[in-house]
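Encoded as structure tokens, the structure appears first; notes follow it.
So you know, we letter chains A, B, ... as the sequences are listed, proteins then strands, and number each from 1.
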Amino acid sequence: MRRAQLEETVAVAHSPIEQFEIKPLFQMEIAGFDASFTNSSLWMVIVVSFMSLFMVAGMRKSAAVPGRWQSAVEVLYEFVAGMIRDNVGREGKKYFPFIFTLFVFILGLNLAGMLPYSFTATSHIAVNFAMALFVFVGVTLIGFIKNGAGYLRLFAPSGVPLWLLPLIVLIEIISYCTRPISLAVRLFANMLAGHIMMKVFAGFIISLGAAGVAGMVGAVLPFGVTVLLTGLEILVACLQAYVFTILTCIYLNDAMHPGH
Amino acid sequence: MSEAHTEVAEQKGGLPQLNLATYEEQIIWLIISFAVLFLIVSRAVLPRVTKVLEEREERIATDLDTAERLRKDAEEVKASYEAAVAEARRKAQELILGAKDAIQADIAKAQAELDAELGKKADEAEARIAKAKDEALAGISEIATGAAVDIMAKLAGVEGEDAAVAKAVETALASRKGA
């Protein structure tokens, strides 16, 4: 009986999806909506505070010859500015603040998820889909405002034989409409899979460690894997923030220049 | 173990990501935090970075301009310096040539003076020698006549034949001279 209880607590504590559980810290309402402050909200607030502090404090001197901290902020700026310059062009400058915020926000949330006992807000499809939908609606609106009905040219690439056109248009429309889904699911799936893998391998260490000396020796292997996975996940955290941002830039470019 | 897993999952309603009840609060806090970050980024961060980068670019451009200007100045200075050096060298060459000519003229003049002086002295000395020779030659006949008179008086006791002796000596000397 005691053994069964122990197994259950171990299972609960080490269930690989337990880390994604949203736990309300206190209840509150904003304009009639349920705006309970949860562990997800807490980490969003932490990330926003940290990133703001990092950037504002880094730029406090605004020195012509930057120190290390200021250089880090400038590198971040140049990185996103370069992404927009290369993928959207000059007209993209207007959307720089939004895209910069998007990158910093997702990067911060992804990296914060790598801290022990933290929560990865971007591992939730609701958050990712809300961002992806905002980008999708925004890009579509920009496309129609800039080009009017000419934006529909996006669905009919030039140089396609006439008999193939209906099929191509159909495919283009489907691919356009699935953009927010792929954008959201890509980030969600990467975060989810990575964190589950880490939890599973970390769980192996505990389970093997509980099984005596031989188990402890055997636990070295999952420990090594966990170390490697941690490095991989930090890479994925940065990469997925980059992917989300660069796809936003590419969609924005489509909205600016619809003819392929 | 697997049983425990399913039990837990069922109890919590599957993957927490699919729990629709949490969507509202997640999205509301996403909007709040994203909006706050957007405001801070667009108001406090990006303008400052843009300003710093622009100022730096401007400063670098100005510095490059200044460097270019200074380089041109330096080149001008170098060119004028080289011209001055060439001019000085040319003048020095002229001075050297002038001095050489003057010195050579001086030397020639001194040489000529010296030659003239030496020639004069040689002439004088020659004249003196000729005179002394003449004087010596004139004395010779007188002494020879005296000696011949004395010899004749002592050896032959002939006296008072001075004029004849002088004449004979004169003839002898002339024949010697002629020889």
Side-chain angles (χ1 to χ4, degrees), chain A residues 4 7-8 10-12 15 17-22 24 28 30 33-38 40-42 44-45 47-49 51-52 55-56 58-60 62-66 70 73-74 76-78 81 96-98 100-102 104-105 108 121 123-127 129-131 134 188 192, chain B residues 1-70:
Chain A
E7 268 187 4
E8 198 178 328
V10 164
V12 169
S15 161
I17 55 167
E18 186 264 342
Q19 57 177 323
F20 304 117
E21 208 65 62
I22 288 190
M28 62 190 277
I30 294 174
F33 290 109
D34 171 25
S36 302
F37 196 76
T38 62
S40 169
S41 329
L42 175 68
M44 286 187 199
V45 170
V47 163
V48 166
S49 313
M51 282 301 191
S52 305
M55 292 185 292
V56 171
M59 291 310 293
R60 75 198 179 285
S62 292
V65 179
Q70 193 185 323
V73 180
E74 283 177 16
L76 204 59
Y77 177 102
E78 297 276 12
F96 180 45
F98 173 75
F100 186 83
T101 310
L102 194 66
V104 167
F105 188 68
S123 70
H124 274 256
I125 190 79
V127 171
F129 193 72
M131 289 192 289
F134 185 81
F188 155 73
L192 182 79
Chain B
M1 276 293 261
S2 65
E3 228 178 323
H5 266 276
T6 29
E7 206 179 274
V8 169
E10 267 167 16
Q11 187 190 319
K12 305 267 180 176
L15 207 58
Q17 278 88 341
L18 301 176
N19 185 359
L20 292 171
T22 63
Y23 281 20
E24 204 171 299
E25 70 219 15
Q26 282 191 70
I27 291 167
I28 283 175
W29 279 100
L30 165 70
I31 293 167
I32 294 169
S33 50
F34 194 93
V36 169
L37 185 64
F38 179 78
L39 281 179
I40 292 169
V41 159
S42 58
R43 294 283 156 83
V45 178
L46 297 186
R48 297 185 79 169
V49 182
T50 311
K51 204 173 138 234
V52 167
L53 293 181
E54 271 170 7
E55 273 172 8
R56 186 176 305 151
E57 207 169 306
E58 220 166 84
R59 197 167 144 188
I60 289 169
T62 322
D63 285 359
L64 283 178
D65 283 355
T66 314
E68 182 63 19
R69 196 165 46 73
L70 289 177

Point to revise | Under 4.5 Å from a heavy atom of chain A, the part of B/Leu46 involved | key: both
**Study point:** CD (B/Glu24) with more than 12 external heavy atoms under 6.0 Å
**Key:** yes
Review point. Roughly how far apart are A/Phe37 CZ and B/Ile28 CD1, rounded to 0.5 Å?
Key: 13.5 Å
Review point. For A/Phe98, is it the side chain, the backbone, both or neither that has a heavy atom under 4.5 Å from a heavy atom of chain B?
Key: both
Review point. Relative to chain B, which segment of A/Met131 carries a heavy atom at a distance below 4.5 Å: side chain, backbone, both, or neither?
Key: both
Point to revise | B/Ile32 portion near chain A, given a 4.5 angstrom heavy-atom threshold | key: side chain
Review point. Checking heavy atoms, do the side chain of A/Val56, its backbone, both or neither come under 4.5 Å from chain B?
Key: both
Check your understanding: For A/Leu102, is it the side chain, the backbone, both, or neither that has a heavy atom closer than 4.5 Å to a heavy atom of chain B?
Key -> both
Study note, to complete from the structure: One should read off an interatomic distance between A/Ser41 OG and B/Gln26 CD, to the nearest 0.5 angstrom, of 8.0 Å
Exercise for review: Please report the C-alpha distance between A/Val104 and B/Val41 in whole Å, then the side-chain angles of each, then the deciding distance to 0.1 Å, and finally whether the side-chain contact (heavy atoms from CB on, under 4.5 Å) criterion is met.
Suggested key: CA-CA 9 Å; A/Val104 167; B/Val41 159; 5.5 Å; no
**Study point:** Listed partners of B/Leu53 passing side chain to side chain contact (heavy atoms under 4.5 Å, CB included), at least two apart
**Key:** A/Glu74, A/Tyr77, A/Glu78, B/Val49, B/Arg56
Practice item. Please work out which of the three classes, parallel, tilted or perpendicular, describes the rings of B/Phe34 and A/Phe105, given edges at 30° and 60°. Key: perpendicular
Practice item. Just give me the residue among B/Val36, B/Leu30, B/Ile60, B/Thr22 that pairs up with chain A most often, heavy atom to heavy atom, under 4.5 Å. Key: B/Leu30
Study note, to complete from the structure: Rounded to the nearest 0.5 Å, the CG atom of B/Leu15 sits from the NE2 atom of A/His124 at a distance of 8.0 Å
Review point. Between CD of B/Gln17 and CZ of A/Phe20, what distance do you get to the nearest 0.5 Å?
Key: 5.5 Å
Check your understanding: Is the shortest heavy-atom distance from the side chain of A/Ile22 to the side chain of B/Pro16 under 4.5 Å?
Key -> no
Review point. Hey, what do you get for CD1 (B/Ile31) to CE (A/Met44), rounding to the nearest 0.5 Å?
Key: 10.0 Å
Check your understanding: With respect to chain B, which residue among A/Ser40, A/Pro66, A/Ser49 yields the maximal number of heavy-atom pairs within a distance under 4.5 Å?
Key -> A/Pro66
Practice item. Run the numbers on A/Ser52 and B/Leu37 for side-chain contact (heavy atoms from CB on, under 4.5 Å), then give the verdict. Key: CA-CA 7 Å; A/Ser52 305; B/Leu37 185 64; 3.6 Å; yes
Point to revise | B/Tyr23 and A/Ile125: CA distance, side-chain angles, deciding distance, side-chain contact (heavy atoms from CB on, under 4.5 Å) verdict | key: CA-CA 9 Å; B/Tyr23 281 20; A/Ile125 190 79; 3.3 Å; yes
Practice item. Between chain B and each of A/Met55, A/Gln70, A/Met59, count heavy-atom pairs under 4.5 Å; write down the option with the most. Key: A/Met59
Exercise for review: Specify the closest pair of heavy atoms between B/Ile27 and A/Ala126, including all atoms of both residues, with the distance to one decimal.
Suggested key: CG1-O, 4.0 Å
Practice item. Taking all heavy atoms of B/Ala21 and all of A/Asp34, pick out the closest pair and write down the distance. Key: O-OD2, 4.4 Å
Check your understanding: In this structure, are over 12 heavy atoms from other groups packed under 6.0 Å from B/Glu57 atom CD?
Key -> no
Study note, to complete from the structure: Residue pairs passing the ring pair (Phe, Tyr, Trp, His ring centres under 6.0 Å) test with at least one member in residues 47-67 of chain B, sequence neighbours excluded, are none
Check your understanding: Is there side-chain contact between A/Val127 and B/Trp29, with heavy atoms separated by less than 4.5 Å?
Key -> no
Point to revise | Structural part of A/Ala63 lying under 4.5 Å from a heavy atom of chain B | key: backbone
